[in-house]
Colleague: 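Before anything else, here's the structure in question.
Keep in mind that what you see is a predicted model, and the values were worked out from it rather than measured. Residue numbers start at 1 and run along the sequence shown.
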Amino acid sequence: MKAGQLELLQKLFGVVYIPKAVYRELTENEAFSEEIRMVQECEFLYVEEVDNGKSVTILRNFTGFRCWRE
């Protein structure tokens, strides 16, 4: 979003599902009000609750990404 390429996700994937924790991280910092608005109004982003902790752990281990909060 900071790169102004949110629509690129739609072009590449059509629909994008993100965990609720990721959505919160994208929308909780009021210093980025324009980006928050873009995410909230994005019609191809779908927020889902992650209910499979094992899958999250595997994904984190594979990617090395550890910033998601549950």
Colleague: Is there any side chain to side chain donor-acceptor pair (under 3.5 Å) pair reaching into residues 6-21, and which pairs are they, with sequence neighbours excluded?
Modeller: Lys20-Glu49
Colleague: The test is side chain to side chain contact (heavy atoms under 4.5 Å, CB included); show your working for Phe32 and Val39 and say whether it passes.
Modeller: CA-CA 11 Å; Phe32 300 101; Val39 169; over 6 Å; no
Colleague: Report yes or no: do Phe44 and Leu12 belong to one cluster of Ile/Leu/Val/Met/Phe/Trp/Tyr joined by side chain heavy-atom distances under 4.5 Å?
Modeller: yes
Colleague: Is it true that Phe13 and Leu8 fall in one hydrophobic cluster, defined by side-chain heavy atoms closer than 4.5 Å?
Modeller: yes
Colleague: Any idea which heavy atoms bring Cys42 and Leu6 closest together, and the distance?
Modeller: SG-CD2, 4.1 Å
Colleague: From Ser33 OG over to Gln40 CD, what is the distance, rounded to the nearest 0.5 angstrom?
Modeller: 10.0 Å
Colleague: Could you tell me the separation between the CZ atom of Arg24 and the CG atom of Asn29, rounded to the nearest 0.5 Å?
Modeller: 15.0 Å
Colleague: Between OG1 of Thr27 and CD of Glu35, what distance do you get to the nearest 0.5 Å?
Modeller: 12.0 Å
Colleague: Please check if atom CD in Glu43 has more than 12 non-hydrogen atoms from other residues, nucleotides or ligands closer than 6.0 Å.
Modeller: no
Colleague: Which heavy atom of Ile36 sits nearest a heavy atom of Leu26, and at what distance?
Modeller: CG1-O, 3.7 Å
Colleague: For the atom pair CD1 (Ile18) and CG (Leu45), what is the distance rounded to the nearest 0.5 Å?
Modeller: 5.0 Å
